[in-house]
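This report concerns only the one structure given below.
As the structure lists them, so they are numbered: ligands from 1, and atoms in each ligand from 1.
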Amino acid sequence: MTVSAPGKLMLFGEHAVVYGYPCIVTAISQRLEVSLSDTDNVPGDRRFVDAAIQAWGDGKDIKLSAKCAFSGCYGFGSSSAVTVATLKALRPEAPDRTLFDTAYKIILEIQGVGSGFDVASAVFGGTLYYIKNKAIEPLAVKDVPLVVGYTGIKSNTVDLIKMVAKKREEYPEKLERICKAIGKIVDEAKTRMIEGDWERVGKLMDFNQEYLRDLGVSSEKLETLIGAAKSAGAYGAKLSGAGGGDCMIALASAEKRQSVEEAITKAGGEVVHVTPNAEEVRVEA
Ligand code: PMV
């Protein structure tokens with residue numbers, strides 16, 4: 001039995017989603033694969049796989065191998081993808097909702113924090129409008145003209161979530177105001193993305209990025225790549241995910257794509273080719 005789950009990219013609403021506001025996430029074509037096999041081969045962090053086997057392995061001695069089409073460094077969600085793929089391999093017939101709940105519980109037990117948007121993306125695929133404990137809504141978007149640039153710096157999601165939480169304790173009103181404003185941007189982005197109004201969606205990315213900067217989660221390298229993409233004619237650009245490093249995203253017309261990619265590379269970023277709106281977790285064989 002081989003199961004694959006997609007990686008993900010946060011398009012709008014990171015951090016605010018932790019506090020009950022909406023976000024938009026898209027599943028990407030790069031996938032992580034888990035196979036039940038005779039030999040055990042799980043590179044890197046085993047905690048998620050072990051917890052999944054503990055949950056749905058029925059006490060059996062399960063061996064499996066995992067391989068990932070993307071680097072764990074990009075922040076494409078390898079922890080949630082490996083958790084979802086392992087659970088699916090153990091109980092392929094489980095309803096999506098049960099799979100989501102079980103995987104999210106495992107992630108929370110191990111990481112302590114997180115909105116579950118990445119788990120939802122792996123389980124349901126496509127592009128989702130997501131509110132923690134409230135909404136998982138598929139969005140009928142197509143041909144998102146996305147450009148992705150990796151900063152070369154691995155960021156620590158848990159530390160960044162904690163940093164924002166600390167700020168929220170110190171300046172509750174300011175943080176509430178920022179998160180609320182981000183929520184509004186996400187709501188408009190949802191409509192504009194369905195319409196395919198990429199020029200406006202790009203503007204909304206810029207607005208979202210301003211608030212992320214206010215939250216203190218951007219970085220010099222992210223700003224450099226975002227600035228380069230925009231100077232080269234992108235509709236808009238922002239960081240994607242926790243911030244601090246990992247990837248930035250931009251939207252660019254077909255005519256501008258190449259110059260935007262070149263600008264990102266020239267600014268010291270690594271362009272990562274991904275196709276958004278990818279299929280959910282699935283049994284391959
Ligand atoms: O670092 P990533 O790509 O896993 O994204 C984190 C997004 C946050 O909103 C900061 C955290 C979360 O779980 O929603």
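- Residue pairs meeting the salt bridge (Lys or Arg N to Asp or Glu O under 4.0 Å) criterion with at least one partner in residues 249-260, sequence neighbours excluded, are R257-E261.
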Using a 3.5 Å cut-off on N/O to N/O, what pairs does ligand 1 make with the protein? A line per pair would be great.
from	atom 1	to	atom 2	distance (Å)
ligand 1	1 (O)	T157	OG1	2.8
ligand 1	1 (O)	A242	N	3.1
ligand 1	3 (O)	K8	NZ	2.8
ligand 1	3 (O)	G75	O	3.4
ligand 1	5 (O)	A242	N	3.4
ligand 1	9 (O)	H15	N	2.8
ligand 1	13 (O)	S115	N	2.8
ligand 1	13 (O)	S115	OG	3.4
ligand 1	14 (O)	S115	OG	2.6

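- Hydrophobic clustering keeps I153 apart from L239 (ILVMFWY residues linked when any side-chain heavy atoms are closer than 4.5 Å, directly or through intermediates).
- Comment: K105 engages E109 in a salt bridge, judged by a side-chain N to carboxylate O separation of less than 4.0 angstrom.
- Between R177 and D214 no salt bridge is recorded (no basic side-chain N to carboxylate O distance below 4.0 Å).
- Comment: K190 engages E137 in a salt bridge, judged by a side-chain N to carboxylate O separation of less than 4.0 angstrom.
- Between D101 and R97 there is a salt bridge, with a side-chain nitrogen of the basic residue lying less than 4.0 Å from a carboxylate oxygen of the acidic one.
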